[in-house]
Visitor: 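Structure in C-alpha cells, see below.
Note that these values count all heavy atoms, side chains included, but never hydrogens, waters or copies made by symmetry.
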Amino acid sequence: EGAKIFEPIQTDLCQLFYSRRIGKDPRYADSAEYYFHHPTSTTILAAAKITGKTKGGTTIGFLNAVTDREKADIWHVDGYRTKRVIEPEANYNVIRLSQDIFKNSVIGIMSTAVNQKGKIPSYSGGVDWNLRFLKQNYSFVGQVYGSSNGEKERGLGYLTALGKEGGEHWRGNVVWFYLDKKINTNHLGYTKRNDLQGGSVWIQYKTQKESWIIRNSWNNFNLSYDAN
C-alpha cells in the first residue's frame with residue numbers, strides 16, 4: 001500500500017527506489033571461491049513504512065528497513081571449506097515529499113540511503129515534476145537525480161518529456177534523457193545503464209468515427225536516438 005508514492009516517474013532507465021533491493025539475493029564473493037551452500041535471500045529483521053497526505057496537498061512517504069548479516073558455506077579453489085559473511089547487515093532509508101500545485105500537477109523530492117557494515121555508504125536523491133496545463137491536454141514531466149557511492153563515484157542524470165495527451169485527433173510527446181558515466185542507483189534503486197543519452201519522438205493521429213470499413217484508427221510515428 002502506498003508504493004506509488006516512491007515511484008514518481010515511470011521509466012525503465014533509472015529509478016531511485018526499487019523495492020526488491022531489500023531482501024535481495026546475497027552477492028558478495030571472491031572470484032577464487034564458489035558457494036556450495038548459500039541463502040537465496042537476505043533476512044529482513046524489521047521494516048516500517050509511513051505514508052499520508054495532508055489537507056494542503058503534501059504527500060509524505062518514509063520507509064526504513066534493517067536486514068541481517070548472511071553467511072554462506074564456501075569452497076575455496078585450494079580445497080578447503082569455510083563459512084564466510086557474504087552480505088553484511090544493512091540499513092535502508094527512503095524519504096519522499098511531494099506537493100500538489102495548480103490543477104492536477106505535482107512537484108516532489110526524494111532521497112535514499114544505504115548503510116552497510118564495512119561498505120561505503122550509498123546515497124541518491126532527486127527532484128521531479130509532473131505539470132499539466134491547457135485544460136490538462138498537455139504535460140511537462142521530468143526528473144533530475146544524482147547518486148553518490150564514494151567521493152570518486154558521484155553521478156548525475158535527468159529525464160524530461162513534453163507531451164500532448166488530450167484532444168480528438170492528435171497526441172504525442174518528445175522525450176530527452178541523460179545518464180553520465182558514474183550514475184549508479186542500484187544499491188536501493190535501479191539503473192539500466194549509465195553513460196547514455198538520447199531521446200524519442202512519438203506522434204499519433206487517431207480517428208474514432210466510422211468511415212467506410214474503418215471504425216477506429218491509431219496512426220503512429222516513432223523516432224528514437226541513443227548514444228554514449
Visitor: Quick one: OG on Ser41 to CG on Asp25, what's the gap to the nearest 0.5 Å?
Guide: 8.0 Å
Visitor: Below 4.0 angstrom, N of the basic side chain to O of the carboxylate: do Arg132 and Glu165 qualify?
Guide: yes
Visitor: Go through Phe6 and Thr51 one step at a time and tell me if the side chain to side chain contact (heavy atoms under 4.5 Å, CB included) criterion holds.
Guide: CA-CA 10 Å; Phe6 301 103; Thr51 61; 4.2 Å; yes
Visitor: Would you say Thr67's side chain and Thr42's backbone share a donor-acceptor pair under 3.5 angstrom?
Guide: no
Visitor: Quick one: CG on Asn186 to OG on Ser147, what's the gap to the nearest 0.5 Å?
Guide: 9.0 Å
Visitor: What closest approach, in Å, do Lys117 and Pro88 show between heavy atoms, and which atom pair accounts for it?
Guide: O-CB, 3.3 Å
Visitor: So, Glu87 and Lys24, do they make that salt bridge, N to O below 4.0 Å?
Guide: yes
Visitor: Test side chain to side chain contact (heavy atoms under 4.5 Å, CB included) on Ile9 and Leu159; report intermediate values, then the result.
Guide: CA-CA 9 Å; Ile9 302 295; Leu159 168 73; 3.8 Å; yes
Visitor: Decide yes or no on side chain to side chain contact (heavy atoms under 4.5 Å, CB included) for Thr207 and Asn216, but give the supporting numbers first.
Guide: CA-CA 5 Å; Thr207 63; Asn216 301 287; 5.7 Å; no
Visitor: Does a salt bridge link Asp12 with Arg193, judged by any charged N lying under 4.0 Å from a carboxylate O?
Guide: no
Visitor: Taking Asn194 for the side chain and Lys181 for the main chain, is one N or O donor matched with an acceptor at less than 3.5 Å?
Guide: yes
Visitor: Would a distance-only check, ignoring hydrogens and angles, find a side-chain to backbone donor-acceptor pair under 3.5 Å from Asn219 to Tyr205?
Guide: yes
Visitor: Are any of the side-chain nitrogens in Lys53 or Asp100 under 4.0 Å away from the carboxylate oxygens of its partner?
Guide: yes
Visitor: So which heavy atom on Pro39 is nearest to which on Ile86, and how close?
Guide: CD-CD1, 4.2 Å
Visitor: Rounded to the nearest 0.5 Å, how far does NZ of Lys83 lie from CG of Asp73?
Guide: 4.0 Å
Visitor: Are the side chain of Gln197 and the backbone of Tyr225 linked by a donor-acceptor contact shorter than 3.5 Å?
Guide: no
Visitor: Between the side chains of Glu70 and Thr43, does any donor sit under 3.5 Å from an acceptor?
Guide: yes
Visitor: Between Lys49 and Phe62, does a side chain to side chain contact (heavy atoms under 4.5 Å, CB included) hold up when you go through it step by step?
Guide: CA-CA 6 Å; Lys49 181 172 67 175; Phe62 171 76; over 6 Å; no
Visitor: Aromatic contact between Trp129 and Phe140, with the criterion being ring centroids under 6.0 Å apart: yes or no?
Guide: yes
Visitor: Does Ile120, at its CD1 atom, have more than 12 non-hydrogen atoms belonging to other residues, nucleotides or ligands within less than 6.0 Å?
Guide: no
Visitor: Under the 3.5 angstrom rule, does the side chain of His169 hit a backbone N or O of Lys206 as a donor-acceptor pair?
Guide: yes
Visitor: Among Thr191, Thr112, Val114, which residue satisfies the side-chain contact (heavy atoms from CB on, under 4.5 Å) criterion with Ser124?
Guide: Thr112
Visitor: So, taking the atom named OG1 in Thr58 and the one named CG in Leu97, what distance separates them when rounded to the nearest 0.5 Å?
Guide: 8.0 Å
Visitor: Tyr158 and side-chain hydrogen bond (donor to acceptor under 3.5 Å, both in side chains): which single residue from Tyr178, Trp176, Tyr145 fits?
Guide: Trp176
Visitor: May I ask you to check whether Asn64 and Asn93 show a side-chain donor-acceptor distance below 3.5 Å?
Guide: yes
Visitor: Can you tell me if Thr185 uses its side chain to pair, donor with acceptor, with the backbone of Gln15 under 3.5 Å?
Guide: yes
Visitor: Once you round to the nearest 0.5 Å, how far does CG of Asn130 lie from CG of Asp128?
Guide: 8.5 Å
Visitor: Any sub-3.5 Å donor-acceptor pair from Arg21's side-chain atoms to Gly189's backbone N or O?
Guide: yes
Visitor: Got a sec: does the NZ of Lys103 have more than 12 other heavy atoms crowding it under 6.0 Å?
Guide: no
Visitor: More than 12 heavy atoms of other residues, nucleotides or ligands under 6.0 Å from OH of Tyr138: is that the case?
Guide: no
Visitor: For atom NZ of Lys164, decide whether the heavy atoms of other residues, nucleotides or ligands shown that lie under 6.0 angstrom number more than 12.
Guide: yes
Visitor: When rounded to the nearest 0.5 angstrom, what distance separates CG in Leu13 from NZ in Lys192?
Guide: 6.5 Å
Visitor: Return yes if a side-chain donor-acceptor contact under 3.5 Å exists between Ser122 and Asn149, otherwise no.
Guide: yes
Visitor: Please verify the inter-ring angle class for Tyr18 with Tyr190; under 30° counts as parallel, over 60° as perpendicular, anything in between as tilted.
Guide: tilted
Visitor: Only one of Ile22, Leu16, Leu63, Ile5 forms a side-chain contact (heavy atoms from CB on, under 4.5 Å) with Val94, so which one is it?
Guide: Leu63
